[in-house]
There are 2 protein chains.
Amino acid sequence: MGESLDRIRCDCNVIHEDTVNKVKALMPDEESLYDLAELFKVFGDTTRIKILWALTESEMCVCDLAFLLNMTQSAISHQLRLLKQSRLVKNRKEGKVVFYSLDDGHIEKIFKQGMIHVKEQG
Amino acid sequence: MGESLDRIRCDCNVIHEDTVNKVKALMPDEESLYDLAELFKVFGDTTRIKILWALTESEMCVCDLAFLLNMTQSAISHQLRLLKQSRLVKNRKEGKVVFYSLDDGHIEKIFKQGMIHVKEQG
DNA sequence: ATTATATATGAATAGTTGTTCAAGTGTTTA
DNA sequence: TAAACACTTGAACAACTATTCATATATAAT
């Protein structure tokens with residue numbers, strides 16, 4: 001009694017010791033897995049995925065993206081800042097208009113691969 | 001004055017009409033993009049990505065995963081439920097032990113592709 | 001210079017989410 | 001039958017996040 005915390009260790013840990021050790025050895029390092037989760041977190045939002053998908057076709061300015069997604073410029077701009085911080089998009093200025101484009105060739109591949117999964121779910 | 005809401009339409013929409021229309025035509029449908037974002041949202045958490053990565057190597061029971069990730073069984077169990085709802089993992093029962101394994105062959109491909117991006121960021 | 005346009009940004013708010021805690025189910029062992 | 005074990009689950013709480021609103025900046029047009 002008094003043990004409110006769920007236990008972490010159990011008999012299985014001993015029984016399956018070899019498996020657990022093998023898996024542990026094959027796991028990428030903590031930092032890589034953290035970074036990978038961060039990358040997918042960026043993709044895990046409808047607005048951002050629409051922006052990124054649009055940019056796979058053509059560079060676009062903020063207000064065109066806003067019009068395309070039917071959202072305010074402010075909302076789009078906030079998300080573009082996040083995407084730029086994640087180094088997924090870059091921008092160039094032309095007068096008062098700012099054009100955004102993809103900053104990474106892998107994005108499209110990751111999306112296509114993910115879409116295969118989505119489509120198979122029926 | 002009185003217009004507090006950010007405008008959505010602007011001159012660019014007309015100037016870049018062809019581009020916007022082209023991009024709109026090439027975008028996947030709303031539902032697919034939503035599902036894709038949902039998929040990436042599941043990947044966008046360190047705990048879940050560790051679980052999934054571990055399961056790419058071997059099926060494992062709940063307490064072994066808890067031990068491997070140094071987390072409570074409860075926390076792992078909650079996440080496994082979510083992963084099962086997303087049809088990313090399946091399970092089989094052997095006595096009182098429940099073994100989880102991957103339910104999708106694409107997961108590994110998506111992870112590897114994502115990892116390429118992560119590693120390139122330096 | 002003044003006004004309009006395109007974009008950026010800080011603060012606030014509402015909604016979402018991951019973990020913990022406590023209590024539950026079902027199976028096995030003593 | 002009782003206790004131990006592996007796991008599940010609901011509620012609560014804290015942390016995070018996406019959008020909105022208001023305002024600011026920079027460039028262009030008048």
Side-chain angles (χ1 to χ4, degrees), chain A residues 1-16 34 37-38 40-51 59-86 89 91-100, chain B residues 1-16 34 37-38 40-51 59-86 89 91-100:
Chain A
M1 71 291 277
E3 262 303 337
S4 63
L5 255 172
D6 291 331
R7 293 168 60 247
I8 290 182
R9 263 199 156 288
C10 73
D11 295 348
C12 292
N13 301 155
V14 180
I15 299 165
H16 307 138
Y34 177 82
E38 288 300 306
F40 287 134
K41 202 174 285 178
V42 176
F43 294 159
D45 175 83
T46 316
T47 301
R48 288 192 293 268
I49 225 168
K50 283 179 187 169
I51 291 174
E59 73 166 7
M60 294 184 88
C61 68
V62 182
C63 68
D64 283 341
L65 283 166
F67 177 57
L68 184 70
L69 308 196
N70 195 35
M71 293 179 65
T72 62
Q73 282 187 13
S74 180
I76 299 293
S77 191
H78 276 295
Q79 296 299 352
L80 284 169
R81 184 162 53 92
L82 209 154
L83 291 170
K84 204 186 173 191
Q85 281 168 357
S86 307
V89 304
N91 57 10
R92 72 181 176 83
K93 206 167 180 182
E94 198 172 283
K96 47 185 172 176
V97 183
V98 180
F99 290 93
Y100 282 82
Chain B
M1 73 293 277
E3 261 303 338
S4 62
L5 255 173
D6 291 330
R7 292 168 60 248
I8 291 183
R9 262 199 157 289
C10 71
D11 295 348
C12 291
N13 302 154
V14 181
I15 299 166
H16 308 137
Y34 177 83
E38 287 301 305
F40 287 135
K41 201 175 284 177
V42 176
F43 294 159
D45 174 82
T46 317
T47 301
R48 289 192 292 268
I49 224 168
K50 283 179 187 169
I51 291 174
E59 72 165 6
M60 294 184 89
C61 67
V62 182
C63 67
D64 282 341
L65 283 166
F67 178 56
L68 184 70
L69 306 197
N70 195 35
M71 293 178 67
T72 63
Q73 282 187 14
S74 180
I76 299 293
S77 190
H78 275 296
Q79 296 299 352
L80 284 170
R81 184 161 55 89
L82 210 153
L83 291 170
K84 204 186 172 191
Q85 280 168 358
S86 305
V89 305
N91 56 9
R92 72 181 175 84
K93 206 167 180 181
E94 198 172 282
K96 48 186 173 176
V97 183
V98 180
F99 288 94
Y100 281 83

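Below, read A as the first sequence line, B as the second, and so on, with proteins coming before strands; counting in each chain starts at 1. If you're wondering where the values come from, they're calculated on a predicted model, not measured in any experiment.
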Interatomic distance, B:D45 CG vs C:dT16 P [rounded to whole Å]: 17 Å
First of A:T47 and B:V62 reached from the 5' end of DNA chain D, by closest nucleotide: B:V62
Separation of A:C61 SG from A:L80 CG (nearest 0.5 Å): 10.5 Å
Nucleotide nearest A:N91 (side chain, heavy atoms from C-beta), chosen from C:dA8, C:dT7, D:dT8: C:dA8
From D:dT19, D:dA6, C:dA8, nucleotide with atom closest to B:Q73 side chain: D:dA6
Under 3.5 Å donor-acceptor, A:R48 side chain and B:A37 backbone: no
Nearest-angstrom distance from the residue atom NZ of B:K96 to C1' of C:dT27: 7 Å
Aromatic-base stack, B:H78 on C:dT19, cutoff 5.5 Å, angle under 30: no
Exam field: side chain A:D64 to backbone B:N13, donor-acceptor pair closer than 3.5 Å: yes
Phosphate OP1/OP2 of C:dA6: any A:Y100 side-chain N/O under 4.0 Å: no
Taking every non-hydrogen atom, the tightest pair across A:F43 and A:I49: O-CD1, 3.3 Å
Nearest non-hydrogen partners of B:T46 and A:Y34, listed with the distance: OG1-CD1, 4.0 Å
Sugar-phosphate, base or nothing in reach of A:K84, heavy atoms under 4.0 Å: nothing
Distance, rounded to the nearest Å, where B:R92 contributes CZ and D:dA6 contributes P: 16 Å
Phosphate-side-chain proximity, A:T72 and D:dC21, N/O vs OP1/OP2 below 4.0 Å: no
Nearest-nucleotide pick for B:C12, side chain only, options being D:dC7, C:dA6, D:dT17: C:dA6
Short side-chain N/O contact to D:dA6 OP1/OP2 from B:S77, under 4.0 Å: no
Sugar-phosphate, base or nothing in reach of B:R48, heavy atoms under 4.0 Å: sugar-phosphate
Short side-chain N/O contact to C:dT19 OP1/OP2 from B:Q79, under 4.0 Å: yes
Atom pair distance, as rounded to whole Å: CG in A:L65 and C1' in D:dT19: 17 Å
A:N70 CG to D:dT20 P, straight-line distance once rounded to whole Å: 10 Å
Integer-rounded Å distance: D:dT27 C1' and A:E94 CD: 13 Å
Rounded distance (Å) that lies between atom C1' of C:dT17 and atom CD of B:Q85: 13 Å
Under 3.5 Å donor-acceptor pair, B:S74 side-chain atoms to D:dC7 base atoms: no
Nearest-Å distance for atom pair CZ/P, residues A:R81 and C:dT7: 16 Å
